[in-house]
Every structure is written in structure tokens, then in C-alpha cells.
Asker: 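Attaching a single structure in C-alpha cells format; questions to follow.
For the single chain, residues carry numbers from 1 onward in sequence order. Order of listing sets the numbers, starting from 1, for every ligand and every atom in it.
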Amino acid sequence: MEIEIVNHNLIKERLTVLRDSETPNSIFRQNLHDLSVFLVYEALRNVDLEKKLVKTPLVETEGWTLECAPLLVPIVRAGLGMLDGALSILPNSDVCFLGARRDEETFQPEIYMNTIPNELDGCGVIVLDPMLATGGSLLHALQLIKDSGAGRIVAISVLAAPQGLETIAASGIDGKLFVGYVDEGLNKSAFILPGLGDAGDRQFGQIT
Ligand code: PRP
């Protein structure tokens, strides 16, 4: 899988707000929304278009429309906070949900919800998850989506650890991962350092 680190000062600025332990959940969600808009916009830079005639108030001219709106797949919970931002750019996209929870000892993802159909018939997919730590959750999601017959697969993470990037790069899955920022590494509990804590808890609280 190809990886692009999106280098943009507004990403650094919004990420700093997410990192701050004093940031309340509401502001955290707003800044994650903004980051999602920036990253999805960047991920769609070379999206497939088809030609379309358009009448301006003066003449008819050639324009473009999206060939096919990709399916959005937020990884619940944390990826939910990226969905509105993605939908603001892709208002015609369908949405499927994948619920994944990391086991605290093995760090392996446990899938507790999956609304992705078995046959995606070549449909493009954008996977949304703000955090890429060991890479286990995203790898599982990408494999499942690939096995469902997806077309072009794109994944978007706000913050990644080098270990997670290595896992995804070596996955053998055809597609591209866009990342907002790469941190130093993981602690013993496989949390990203310096990180921003648990992106699910920071948005929705600690009652799970
Ligand atoms: C977090 C995060 C990712 C995953 C990353 O979710 O949102 O989905 O862990 O870790 P990994 O790369 O090591 O798999 P978590 O399991 O905490 O669930 P949550 O979103 O409900 O908080």
C-alpha cells in the first residue's frame, strides 16, 4: 500500500488542539472534523471524473462530475468523528460501518459490527480512522474490504505511529493511505506517543 504524509500547516495546528489534554470533547470533535475535511480533500486530488456538459448563463461548455462517489467506511468509534467532514465533501457517498475494539492485552482488533456488504462490485472505498497505532485495526478493515470486492481503496488517518505505517505498507493491499502526521512511536499499552490519548474517549467520553 502506498503512503502519503500530507504536509500542511493547518493540519499541524488542528492536531495540536487534539493533543492538548485540556481540550474539551466538543472542541476535539470540531477540530477532528476540520482535519477530516483537509485529508479527504487531499485524498481526492486525483479522483476519477467524467466529462459533463454544463450551460453557463452565456454558453454551453465542458465540465466534470465525479465518476462514482466512493463508499465511506468509518471505523467505529473514533472514525465516526471523521464522517461528517468526509460527507461534507462527498455528499452522495453511501456509508457502511465497521466496529472494532482493540484487546487491551493482545492489541488485536475485535470486530463487533460490520455493515459492509459481501459484494462491493468494484466500488471505491474510503476508510476513516483517526489513529493508526499497531496498524492491526486498519489492516483488518482493509483486508475485509478487499475481500468484499472493493475497487480503489483509500484509507485516511490523522495520526500514525511508524509501526502502524510499516504494517500497512507491507500489507500487500493495493491502495493508498493518507496520514496527517507521524508520531514517535508506541508506549507499552500500544498508545501513540506523544499522541492525543484515546480518540474514541476524547470524542465520546469513557463510558464504553
Ligand atoms: C483505536 C483507534 C483505532 C485503533 C488503532 O480504537 O481508533 O481504531 O485503536 O490501534 P491499532 O492501530 O493498534 O489497531 P479503539 O480500539 O481504542 O476503539 P475506539 O475507537 O472505540 O476507542
Asker: When you measure from atom 20 (O) of ligand 1 to each heavy atom in Ala78, Ala160, Gly200, which option holds the nearest one?
Answerer: Ala78
Asker: For ligand 1, does Thr134 get within less than 4.0 Å through its side chain, its backbone, both, or neither, judged by non-hydrogen atoms?
Answerer: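 The answer is both.
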Asker: CG of Asp94: more than 12 outside heavy atoms within 6.0 angstrom?
Answerer: no
Asker: What do you reckon, does Asp201 have a nitrogen or oxygen under 3.5 Å from a nitrogen or oxygen of ligand 1?
Answerer: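 No: no nitrogen or oxygen of Asp201 is under 3.5 Å from one in ligand 1.
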Asker: Against ligand 1, does Leu138 come closer than 4.0 Å with any heavy atom?
Answerer: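 No heavy atom of Leu138 comes that close to ligand 1.
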Asker: Below 4.0 Å from any atom of ligand 1, is there a heavy atom belonging to Ala100?
Answerer: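 Yes, Ala100 has a heavy atom closer than 4.0 Å to ligand 1.
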Asker: Evaluate Arg101 for polar contact with ligand 1, using N/O atom pairs at a separation under 3.5 Å.
Answerer: no
Asker: Can Arg102 be said to sit on top of Phe191's aromatic six-ring, NZ or CZ under 6.0 Å from centre and within 45° of the ring axis?
Answerer: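 Yes, Arg102 and Phe191 form such a contact.
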Asker: Can you tell me which portion of Ala190 lies within the under-4.0 Å heavy-atom range of ligand 1? Options are side chain, backbone, both, or neither.
Answerer: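 It is neither part, as no heavy atom is under 4.0 Å.
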Asker: For Thr115 and Phe97, which heavy atoms make the closest approach, and how far apart are they?
Answerer: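 So the minimum-distance heavy-atom pair works out to OG1-N, 2.7 Å.
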Asker: Using every non-hydrogen atom in the two residues, find where Leu132 and Ile192 come nearest and quote the distance to one decimal.
Answerer: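 So the minimum-distance heavy-atom pair works out to O-CD1, 3.4 Å.
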Asker: Of the non-hydrogen atoms in Leu71 and Val95, which two are nearest, and what is the gap between them?
Answerer: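 So the minimum-distance heavy-atom pair works out to CD1-N, 3.9 Å.
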Asker: Flag Arg102 as yes when one of its N or O atoms lies below 3.5 Å from any N or O atom of ligand 1, and as no otherwise.
Answerer: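 Among all N and O atoms of Arg102, at least one is under 3.5 Å from an N or O of ligand 1.
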Asker: Which heavy atom of Ser93 sits nearest to which heavy atom of Ala69, and what is that distance?
Answerer: OG-CB, 3.7 Å
Asker: Do you know the tightest heavy-atom contact between Arg202 and Leu196?
Answerer: NH1-O, 2.8 Å
Asker: Is Gly164 close enough to touch ligand 1? Criterion: a residue heavy atom under 4.0 Å from a ligand atom.
Answerer: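 So Gly164 does not count as touching ligand 1.
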Asker: Any N or O of Met131 that comes nearer than 3.5 Å to an N or O of ligand 1?
Answerer: no
Asker: Is there a polar contact, in the sense of an N or O pair closer than 3.5 Å, between Leu132 and ligand 1?
Answerer: no
